[in-house]
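First the structure, in the form of structure tokens, and then the observations on it.
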Amino acid sequence: MSTGTGVGTATGTGTGTDVPMVRMTGVHKWYGHAHVLRGIDLEVPRGTVTVVLGPSGSGKSTALRCINQLEEIQAGAIRVDGELMGYREGVRRGTPTLFRLHPKVVARQRSRIGMVFQRFNLFPHMTAAGNVVEAQVQVLGRPKAQARERALELLGRVGLSDRTDHYPAQLSGGQQQRVAIARALAMDPELMLFDEPTSALDPELVGEVLGVMRDLAASGMTMVVVTHETGFAREVADQAVFMADGVVVEHGSPERVLVDPTEQRTRDFLARVL
Ligand code: ADP
Ligand code: MG
């Protein structure tokens with residue numbers, strides 16, 4: 001079946017180390033008549049951290065959700081590690097065409113990407129360890145004992161060795177978010193997406209979550225982080241991207257974009273958040 005939507009034209013895949021972990025080219029997304037992403041181009045090199053900033057409604061969450069295939073795009077292409085997300089290339093009546101992938105293949109693509117949301121969405125009736133075990137067993141088919149071992153290891157990594165048998169209601173927001181990060185890491189993702197991971201937290205709990213993210217970045221994980229924590233961006237990010245009205249207004253080193261932006265819209269935004 002052809003997508004019939006004119007999705008994408010980019011060709012060529014590869015898995016060399018020079019292939020970016022994420023490459024979005026000319027990505028458009030409509031919700032009904034609302035044109036929410038208006039030609040997004042974005043490259044995230046392997047092993048780097050990209051911070052995305054921008055006003056509310058500019059399309060940051062939508063962009064992450066498209067990378068993770070939670071939403072379909074209507075034009076352009078998204079590649080993760082060189083692989084076209086959601087579609088495959090083929091030829092139909094002599095014309096290069098993109099075909100939608102089978103949901104099972106999309107599920108496999110998605111399993112390589114971890115996502116952490118503003119709201120942690122832990123299962124309330126499961127302990128911290130139980131939450132981290134669950135998808136390993138359900139999605140990856142990992143034996144329960146092995147999944148539990150991995151869960152305990154990851155909960156240790158996010159500083160929660162003494163909370164593994166606590167239920168979400170017995171944990172602070174910062175602790176719950178760290179469980180959510182461990183849960184995402186348990187799927188052994190190649191790419192981690194964070195959508196305002198600290199914006200629902202009390203200010204005194206923000207630091208512990210950013211600390212875990214900083215350690216994760218230092219371990220070499222490729223990360224795309226929507227956040228307005230400019231301190232984190234300047235300290236940890238390799239790239240800062242400023243979005244407004246569904247486009248990337250500017251991108252570059254965090255120092256350049258956050259301290260010396262070239263675009264007036266970026267300056268106006270920073271003047272409001274800083
Ligand atoms: P941001 O994360 O930058 O605040 P979003 O990606 O959440 O922006 O939203 C971008 C635009 O898309 C907004 O105008 C929002 O109202 C709209 N939008 C987001 N999700 C949906 C949806 N499921 N249906 C319709 N419109 C949506
Ligand atoms: Mg958002």
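Indexing begins at 1, ligand by ligand and atom by atom, following the structure's order. This one's a predicted model, so the numbers in the text were calculated from it and none came from an experiment.
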Test of ring centre spacing under 6.0 Å for Phe269 and Phe242: yes

Heavy-atom side-chain contact between [X] and [Y] under 4.5 Å:
X: Met223; Y: Leu216; result: yes
X: Pro189; Y: Ile113; result: no
X: Leu193; Y: Ile67; result: yes

Using a 6.0 Å cut-off, check whether atom CZ of Arg23 has over 12 heavy atoms from anything other than its own residue. no

Counting heavy atoms not belonging to Arg108, are there more than 12 under 6.0 Å from its CZ? yes

Check contact between Gly54 and ligand 1, using heavy atoms of the residue and a distance below 4.0 angstrom. no

Looking only at heavy atoms of Pro55, does any of them come nearer than 4.0 Å to an atom of ligand 1? yes

Do the side chain of Gln177 and the main chain of Pro197 share a donor and acceptor less than 3.5 angstrom apart? yes

Side chain Ser58, main chain Ala244, donor-acceptor under 3.5 Å: no

Kindly list each side-chain donor-acceptor pair under 3.5 angstrom involving residues 145-155, sequence neighbours excluded, with atom names and distances?
residue	atom	partner	partner atom	Å
Arg150	NE	Asp188	OD1	3.4
Arg150	NH1	Glu153	OE2	3.0
Arg150	NH2	Asp188	OD1	2.8

Top protein contact for [atom], by heavy-atom distance:
atom: atom 8 (O) of ligand 1; value: Gly59 N, 3.2 Å
atom: atom 9 (O) of ligand 1; value: Thr62 OG1, 3.8 Å
atom: atom 3 (O) of ligand 1; value: Lys60 NZ, 2.7 Å
atom: atom 4 (O) of ligand 1; value: Gly57 N, 2.7 Å
atom: atom 19 (C) of ligand 1; value: Tyr31 CE1, 3.5 Å

Nearest protein heavy atom to atom 15 (C) of ligand 1: under 4.0 Å? no

Could you check whether the rings of His35 and Trp30 sit parallel, tilted or perpendicular, using 30° and 60° as the cut-offs? parallel

Test your reading of the structure: does Val36 have an N or O sitting under 3.5 Å from an N or O of ligand 1? no

Any nitrogen or oxygen of Ser61, side chain or backbone, less than 3.5 Å from one on ligand 1? yes

For ligand 1, is any non-hydrogen atom under 4.0 Å from Ala63's backbone (N, CA, C, O), its side chain (CB onward), both, or neither? neither

What protein N/O/S atoms are there under 2.8 Å from the Mg ion (ligand 2), waters excluded? Ser61 OG

